[in-house]
Amino acid sequence: MIYFNFMIKKLYNIVVCVSVCLFVIGCNEPTQIISNYSASQQDKVAIQNYIKDETFSDALRVADSLLQFYPNDPQLPTLKGFAYYIIGDSSKYKESFNLSIDIYDFLLSERPSFSDEINKAACILFVNGNGPFQDFLDKLEQNKEYTDYERNLIYLWRNITTDELVLQFFSEDKRYKIRMSKTTT
């Protein structure tokens, strides 16, 4: 029984890490219907690295610059949302995640995608909290177009929190620092 619990925790950690990577970097290719869809992975990783290095002004500057060229890339405002969330600017992180939700709505109307649905769900968690997040996951779980594997991922997402998503980007030292700053504010 102890081994089983250990394996469940390991599986959960792996799913969270993979999900975070998909969430932040994105995994969809542009289509002909949607022009100027996606900034390069290299650009997104650069923004992510600025966030990891806690150079938030650089992360925000690069994301804003790229959004001018790639207004249909939902990952760019998502990354901005992460930066604002860590800084503690609730109005700006909600604005950024709301923009991501709007872009995901547009993309999903053009070409349905499970990964975009999950990414949208995570944005909903940041903007609206756990209740609307769980409601959205319920809707996804009822969609018969998704595979059993995808529905199992939905089950694992049910326990994810905003802090878990953000803290996956940081080393243990920085995670501790962020946790401490959140408890003192």
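Any value given below was found using the heavy atoms of this structure, including those in side chains, with hydrogens, waters and symmetry copies removed.
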Nearest non-hydrogen partners of [X] and [Y], listed with the distance:
{"X": "A122", "Y": "F133", "value": "N-CE1, 4.2 Å"}
{"X": "K44", "Y": "Q75", "value": "NZ-CG, 3.9 Å"}
{"X": "T161", "Y": "L125", "value": "C-CD2, 3.9 Å"}
{"X": "E164", "Y": "N159", "value": "OE1-O, 3.3 Å"}

Rounded to the nearest 0.5 Å, what's the gap from [atom1] on [X] to [atom2] on [Y]? Could you check?
{"X": "I101", "Y": "L108", "atom1": "CD1", "atom2": "CG", "result": "11.5 Å"}
{"X": "I87", "Y": "E54", "atom1": "CD1", "atom2": "CD", "result": "10.0 Å"}
{"X": "T162", "Y": "N130", "atom1": "OG1", "atom2": "CG", "result": "9.5 Å"}
{"X": "K139", "Y": "Q134", "atom1": "NZ", "atom2": "CD", "result": "14.5 Å"}
{"X": "S96", "Y": "F82", "atom1": "OG", "atom2": "CZ", "result": "11.5 Å"}
{"X": "F114", "Y": "I118", "atom1": "CZ", "atom2": "CD1", "result": "4.0 Å"}

Check your understanding: Between Y85 and F126, does the ring centroid distance fall short of 6.0 Å?
Key ->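 Yes, close enough.
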Indicate yes or no for a side-chain donor-acceptor contact from [X] to the backbone of [Y] under 3.5 Å, with no hydrogens or angles considered.
{"X": "S100", "Y": "C123", "result": "no"}
{"X": "E150", "Y": "T147", "result": "yes"}
{"X": "D73", "Y": "A39", "result": "yes"}

Exercise for review: Dump the intermediate steps for side-chain contact (heavy atoms from CB on, under 4.5 Å) on N49 and K52, then the final yes or no.
Suggested key: CA-CA 5 Å; N49 286 335; K52 283 181 180 180; 4.0 Å; yes
Practice item. For the pair E117 and F136, evaluate side-chain contact (heavy atoms from CB on, under 4.5 Å) and give the outcome as yes or no after the intermediate values. Key: CA-CA 9 Å; E117 293 274 21; F136 189 79; 3.2 Å; yes
With no hydrogens and no angle check, do the side chains of [X] and [Y] hold a donor and an acceptor under 3.5 Å apart?
{"X": "N98", "Y": "Y93", "result": "no"}
{"X": "S38", "Y": "Y70", "result": "no"}
{"X": "E141", "Y": "Y146", "result": "no"}
{"X": "D64", "Y": "Q68", "result": "no"}

Practice item. Dump the intermediate steps for side-chain contact (heavy atoms from CB on, under 4.5 Å) on I47 and L66, then the final yes or no. Key: CA-CA 10 Å; I47 296 168; L66 289 169; 3.8 Å; yes
Can you confirm whether [X] sits close enough to [Y] that some side-chain heavy atom of one is under 4.5 Å from a side-chain heavy atom of the other?
{"X": "L79", "Y": "V62", "result": "no"}
{"X": "D43", "Y": "L76", "result": "no"}
{"X": "I51", "Y": "F56", "result": "yes"}
{"X": "P77", "Y": "L67", "result": "yes"}

Check your understanding: Does R61 come within less than 4.0 Å of D58, counting only side-chain N to carboxylate O?
Key ->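 Salt bridge flag = yes for D58 with R61.
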Exercise for review: State whether R158 and D138 are salt-bridged, where the test is any N-O pair (Lys NZ or Arg NE/NH1/NH2 against Asp/Glu carboxylate O) under 4.0 Å.
Suggested key: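 Salt bridge: yes.
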Review point. Would K94 and N128 count as a side-chain contact (heavy atoms from CB on, under 4.5 Å) if you check the C-alpha gap in whole Å, the side-chain angles of each, and the deciding distance to 0.1 Å?
Key: CA-CA 9 Å; K94 287 181 180 184; N128 300 318; over 6 Å; no
Exercise for review: Pick out which of D102, D105, I103, T78 makes a side-chain contact (heavy atoms from CB on, under 4.5 Å) with K120.
Suggested key: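 Only one of D102, D105, I103, T78 forms a side-chain contact (heavy atoms from CB on, under 4.5 Å) with K120, namely D105.
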